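Shown next, in structure tokens, is the structure this report addresses.
Keep in mind the model is a prediction, meaning the values are calculated, not measured.
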Amino acid sequence: MGLETVIEDVLARGRSEAEEIRHATGAERERILQDARAEGAKLLAQREQEARVAVERARIQALARAELESKKVVLSAQKGLLDQVYAGVLDRLSHLAESEGLVQSLLRAHEEEWRNGRVSCNARDADAVRSIVGKNFGATIDCVGGVVIDSADGSRRIDLRFETILADIWRDSIKEVAEVLWPPL
């Protein structure tokens, strides 16, 4: 056996081992790629699910915000309308033809209080009030109508101004007024 044969044998075995190594690395490479693809697919599915959950949560929050905002707009419009109605009633009270008769009724109903006190009213009703209460007339005040009765010692005040009476009635009946204007669904 010559040197050439030994060299040929060594080369053949080297080629064979190189081929086996290449084949083994190719198989290992394929296994690693499959594992990476599987892991990537699993990660992608997880991220897609997280994205769907986040999108749904954002959609629900956006709807809730929009619903809340629309309720605010509706409530603001309703409050604006109620404020207009209140202002309109107050304006009508200030021009009420029966104002003098109402003031006289208030004075008759509270005669005990003003007999020993002072009565104040607006300038429009001052002459009518003076004619009823005489020396117990106090002063003119800025109001829509009605009277204010102060005790002689100033310890008690009865506020019978139209705007005060309206505010009390309004506060007590605003819910019913709103239900008439906007019945619950």
Checklist entry - Which residue pairs satisfy the salt bridge (Lys or Arg N to Asp or Glu O under 4.0 Å) criterion with at least one member in residues 131-154, sequence neighbours excluded? => result Asp150-Arg157
Checklist entry - Got a sec, which pairs hit salt bridge (Lys or Arg N to Asp or Glu O under 4.0 Å) with one end in residues 51-62, sequence neighbours left out? => result Glu56-Arg59
Item to check | Contacts of Glu111 that satisfy side chain to side chain donor-acceptor pair (under 3.5 Å) - sequence neighbours left out | outcome: Arg115
Item to check | Any residue meeting side chain to side chain donor-acceptor pair (under 3.5 Å) with Glu4, in chain and number order, not counting sequence neighbours | outcome: none
Next on the checklist: Does anything in residues 15-27 form a side-chain hydrogen bond (donor to acceptor under 3.5 Å, both in side chains)? List the pairs, not counting sequence neighbours.
Outcome noted: none
Checklist entry - Tell me the side-chain hydrogen bond (donor to acceptor under 3.5 Å, both in side chains) pairs involving residues 60-79, sequence neighbours left out? => result Lys79-Asp83
Quick one: [atom1] on [X] to [atom2] on [Y], what's the gap to the nearest 0.5 Å?
X	Y	atom1	atom2	value
Leu102	Leu160	CG	CG	11.5 Å
Glu98	Ser105	CD	OG	11.0 Å
Cys121	Ile149	SG	CD1	11.0 Å

Under 4.5 Å between side-chain heavy atoms, counting indirect links through other Ile/Leu/Val/Met/Phe/Trp/Tyr residues: same cluster for [X] and [Y] or not?
X	Y	answer
Val148	Leu90	no
Ile141	Val119	no
Leu96	Leu106	yes
Trp182	Tyr86	yes

Next on the checklist: With a 3.5 Å distance limit and no angle check, can you tell me whether Thr140 reaches the backbone of Ala123 through a side-chain donor-acceptor pair?
Outcome noted: no
Checklist entry - Excluding sequence neighbours, so at least two apart, what forms side chain to side chain contact (heavy atoms under 4.5 Å, CB included) with Gln46? => result Leu43, Glu50
Item to check | Results of side chain to side chain contact (heavy atoms under 4.5 Å, CB included) for Asn122 - residues two or more places apart only | outcome: Arg124, Asp125, Cys143
Listing, residues 26-36 side-chain donor-acceptor contacts under 3.5 Å, not counting sequence neighbours, or none:
residue: Glu28; atom: OE1; partner: Arg31; partner atom: NE; Å: 3.4
residue: Glu28; atom: OE2; partner: Arg31; partner atom: NH2; Å: 2.5
residue: Arg31; atom: NH1; partner: Asp35; partner atom: OD2; Å: 2.9

Checklist outcome for this item: Arg130 meets the salt bridge (Lys or Arg N to Asp or Glu O under 4.0 Å) criterion, sequence neighbours left out, with Asp127
Next on the checklist: Listing request: all ring-ring contact (aromatic ring centres under 6.0 Å, His included) pairs with a residue in residues 97-129, at least two apart in sequence or in separate chains.
Outcome noted: none
Only distances under 3.5 Å count here; give the side-chain donor-acceptor pairs of residues 162-178 to other protein atoms, sequence neighbours excluded, each with its distance to 0.1 Å.
residue: Glu163; atom: OE1; partner: Val144; partner atom: N; Å: 3.1
residue: Glu163; atom: OE2; partner: Val144; partner atom: N; Å: 3.2
residue: Thr164; atom: OG1; partner: Asp159; partner atom: OD1; Å: 3.2
residue: Thr164; atom: OG1; partner: Asp159; partner atom: OD2; Å: 3.0
residue: Thr164; atom: OG1; partner: Arg161; partner atom: NH2; Å: 3.1
residue: Asp168; atom: OD1; partner: Arg171; partner atom: NH2; Å: 2.4
residue: Ser173; atom: OG; partner: Ile169; partner atom: O; Å: 2.7

